[in-house]
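Worksheet: the structure to be examined is printed underneath.
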Amino acid sequence: MLPIFKSPDDKILLIKKIFEFNNRVISIISFLAFSLLVYDLGFRDNIQEGFLGTLYYFLLIILSIGYTVRLFSRSERYNHSRMIVEITIILFLIFTSLVNFGVIELGYPLTVGNLEIKAFLVNLLILILFLIELSKLSLIANQLKLHPALVFILSFLIVIVIGTCMLLLPNATTNGISLIDALFTSTSAVCVTGLIVLDTSSDFTFFGQFVILILFQVGGLGMMTFTSFFGFFFKGSYTLQNQLFLRDYINEENIGAINSTLLKIILFTLITEGLAVLLIYSSIDPKLFESVGDQLFFSTFHAISGFCNAGFSTLSDGLYESGFRDQYTVHLIIAFAIILGGIGFPVVFGYYNYFKHVWVGTKKLITGEEEYRHAPRVVNVNIRLIVYTTGILLLIGFITFWIFEKNHTLEGLSGYGKFVTTFFGAVTPRTAGFNTVDMSALAMPTILIYLILMWIGASPGSTGGGLKTSTIAVAVLNAVSIARGKDRVEIFRRQIGNETLRKAFAVILLSFLVIGLGVFTVLLFDPQIALIHVAFEIFSAFSTVGLSLGITGDLSNGSKIVVTIIMFLGRVGTLTVLVAFVKKARTLRYKYPEEGVFIT
């Protein structure tokens with residue numbers, strides 16, 4: 001009898017090819033299932049019925065077999081977390097297939113939007129599997145030999161285009177949507193702005209609202225952060241190219257800590273959003289909803305929208321909607337979600353490391369293991385500067401809103417209501433975009449203060465946009481330093497580098513140029529709109545805030561395109577665009593004689 005394999009190497013090679021083929025099948029089936037899902041939800045009225053429905057669930061069975069086979073691959077790097085997740089996926093795939101083929105009967109009447117809970121969970125699982133396979137492909141982005149800033153810009157453009165196509169599907173809207181409006185809405189969601197030209201509540205179906213939710217969730221975290229985490233988790237490793245490529249995206253200087261930082265970002269996001277969902281769900285009046293599913297979707301939508309500083313709402317009048325405007329506890333929960341999302345991941349992780357060090361050191365001191373060891377600069381200058389600036393801006397916003405709105409939007413509210421509304425009014429212009437008052441009733445001084453707060457925006461490394469707190473802080477410190485006759489900028493016994501100062505003033509200049517050009521262009525297209533309203537709209541778009549004085553829906557197509565471009569520039573950063581497209585100068589090996597220029 002002839003041997004099947006001529007050598008042990010042939011056997012190993014065949015097994016390797018089988019597992020590689022299995023991985024390709026999983027990827028193809030995942031993309032095919034997602035395509036069927038999009039077609040089913042976007043074009044058909046009978047969700048997951050008929051031949052396509054049968055094919056859809058047959059693909060789920062193939063996926064469960066493929067994932068099961070992959071568990072035995074020695075080339076895959078399985079840790080305990082990945083093993084648990086993949087086994088859970090397999091079991092859920094098998095369970096849902098049996099349920100939808102009628103082998104197992106479920107009697108739960110719970111619905112989410114227009115879908116039964118079982119169908120909703122299956123669709124959500126297919127979306128996750130699609131993102132997993134897409135994330136693996138994203139790890140080869142560094143092989144394109146493109147500038148990292150350009151890849152960052154392209155990642156947002158790709159998501160915007162995909163979102164536009166999804167919103168153009170017939171079942172995404174109730175009465176259809178134009179290409180310009182779909183592009184505007186997709187850009188607003190991906191850039192976590194919140195400006196709307198159509199009513200999210202009435203003009204979009206549940207499918208359309210869910211697409212918008214996914215867009216601002218991905219846009220808030222950043223496409224590269226989002227896909228890189230899933231790509232690493234389900235692939236098992238990064239190449240050195242991947243690590244160098246991702247370092248700047250997540251503000252991590254230590255290359256070896258990239259994976260742990262990505263994991264912290266995702267975990268912090270999920271924990272914060274999950275906690276916000278539970279708090280909103282338990283705090284809001286259930287009588288405001290027709291079903292438990294609607295209440296759950298409202299809580300999820302607003303928790304994610306708040307943390308991502310997106311400002312989208314499923315209510316026609318936002319949180320000022322009748323019945324919701326006096327849900328002050330819910331307003332507080334959303335306000336704190338906005339602050340946590342806008343303060344920046346580096347700040348959160350910095351203080352996490354600090355308190356962890358204090359806890360561990362104190363514990364060892366009490367148990368007598370060792371003396372307490374002080375770790376210097378765990379909370380560095382960048383973190384402290386952001387926290388101080390954020391606190392000062394919130395305080396300024398609170399005081400000015402309380403003073404100027406006392407006889408306007410705060411009139412007639414209870415003591416608790418005035419406090420919460422004022423606090424929310426100080427938080428929301430920091431790129432959040434929610435409103436708990438009638439924006440058209442704001443006093444003019446409040447509008448002017450809002451312009452400044454919107455322009456400054458959130459903090460670097462956060463889900464928000466704007467000029468950034470650290471940028472304005474460095475600019476103010478520089479002005480004070482010049483006034484005091486110093487030749488350098490100092491804070492917290494540290495000196496701010498000249499490169500930081502140059503970047504700060506470059507960002508400020510570019511922001512004024514973009515905002516000024518935007519106001520000028522919109523006034524050309526829509527000269528009938530008041531200047532203050534246009535300026536408020538452009539500031540809101542550039543800083544990805546989403547607040548409006550009510551003119552967004554009345555803009556002409558030309559103005560909508562202008563605002564769309566400004567939202568995109570505000571999210572990716574004007575300086576990032578310049579760095580991506582302007583040729584980098586070579587190392588300067590010379591220096592001209594220095595000469596002063598009159599500045600008065």
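All figures in this text were calculated on a predicted structure; none of them were measured in a lab.
Ring planes of Phe297 and Phe301: tilted class, angle from 30 to 60°. Ring pair Phe298/Phe289 is tilted by interplanar angle, where 30° to 60° counts as tilted. Ring planes of Phe130 and Phe34: parallel class, angle under 30° (limits at 30 and 60°).
The nearest pair of heavy atoms linking Tyr281 to Val292 is OH-CG1, 3.1 Å. Considering all non-hydrogen atoms of both residues, Gly397 and Leu453 come closest at CA-CD1, 4.0 Å. Between Gln327 and Asp285, the closest heavy-atom pair is OE1-N, 3.4 Å. Looking at every heavy atom in both residues, Val381 comes nearest to Phe492 through CG1-CD1, 4.2 Å. Contact record, Val427 with Ala432: O-CB, 4.4 Å, taken as the closest heavy-atom pair. Taking every heavy atom of both residues into account, Leu315 and Ser201 meet most closely at C-CB, 4.0 Å.
Side-chain contact between Phe568 and Ile153 is present, with at least one heavy-atom pair separated by less than 4.5 Å. Using a 4.5 Å cut-off on side-chain heavy atoms (C-beta onward), Ile386 and Pro460 make contact. Looking only at side-chain heavy atoms (C-beta outward), Leu215 and Val159 come within less than 4.5 Å of each other. For the pair Thr200/Ser313, no side-chain contact is recorded, criterion being any heavy-atom separation below 4.5 Å from C-beta on. In this structure the side chain of Asn309 never reaches within 4.5 angstrom of the side chain of Thr544, judged on heavy atoms. Inter-residue side-chain proximity for Met166 and Ser186 is flagged as unmet; no heavy-atom pair is nearer than 4.5 Å. In this structure the side chain of Phe268 reaches within 4.5 angstrom of the side chain of Phe349, judged on heavy atoms. A heavy-atom distance below 4.5 Å is found between the side chains of Ile334 and Phe424.
For Ser188 (side chain) and Leu195 (main-chain N/O), a donor-acceptor pair under 3.5 Å exists by modelled atom type. Between the side chain of Thr272 and the backbone N or O of Thr269 there is no donor-acceptor pair closer than 3.5 Å. In terms of modelled atom types and a separation under 3.5 Å, the side chain of Arg571 and the main chain of Gly219 share a donor-acceptor contact. Panel note: side chain Thr193, backbone Val545; no donor-acceptor pair is recorded below 3.5 Å. Between the side chain of Ser459 and the backbone N or O of Thr469 there is no donor-acceptor pair closer than 3.5 Å. A distance-only check finds no donor-acceptor pair linking the side chain of Thr428 to the backbone of Asn435 [under 3.5 Å]. Checked by atom type and distance alone, the side chain of Thr500 never pairs as donor or acceptor with a backbone atom of Ile496 at under 3.5 Å.
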Stepwise, does the side-chain contact (heavy atoms from CB on, under 4.5 Å) test hold for Ile333 with Thr329? CA-CA 6 Å; Ile333 296 168; Thr329 303; 4.3 Å; yes
Verdict with supporting geometry, Ser30 and Leu63, side-chain contact (heavy atoms from CB on, under 4.5 Å): CA-CA 7 Å; Ser30 297; Leu63 279 175; 3.6 Å; yes
Derivation and outcome, ring pair (Phe, Tyr, Trp, His ring centres under 6.0 Å), residues Phe336 and Phe423: CA-CA 10 Å; Phe336 281 110; Phe423 180 70; 5.6 Å; yes
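Here the straight-line distance linking atom CZ of Arg384 with atom CG of Asn382 works out to 12.0 Å at 0.5 Å rounding. Rounded to the nearest 0.5 Å, atoms CZ (Phe307) and CD (Gln217) are 8.0 Å apart. Between Thr436 atom OG1 and Leu319 atom CG the span is 7.0 Å, to the nearest 0.5 Å. Leu332 contributes atom CG, which lies 11.5 Å from atom CD1 of Ile280 (distance to the nearest 0.5 angstrom). In this structure, CD1 on Ile126 lies 7.0 Å from CG on Leu37, to the nearest 0.5 angstrom. The line from OG1 of Thr314 to CD1 of Ile212 is 10.5 Å long, rounded to the nearest 0.5 Å.
A centroid separation of 6.0 Å or more is found between the aromatic rings of Phe312 and Phe204.
Summarising the local packing, CZ of Phe31 is surrounded by more than 12 heavy atoms from other residues, nucleotides or ligands at distances under 6.0 Å.
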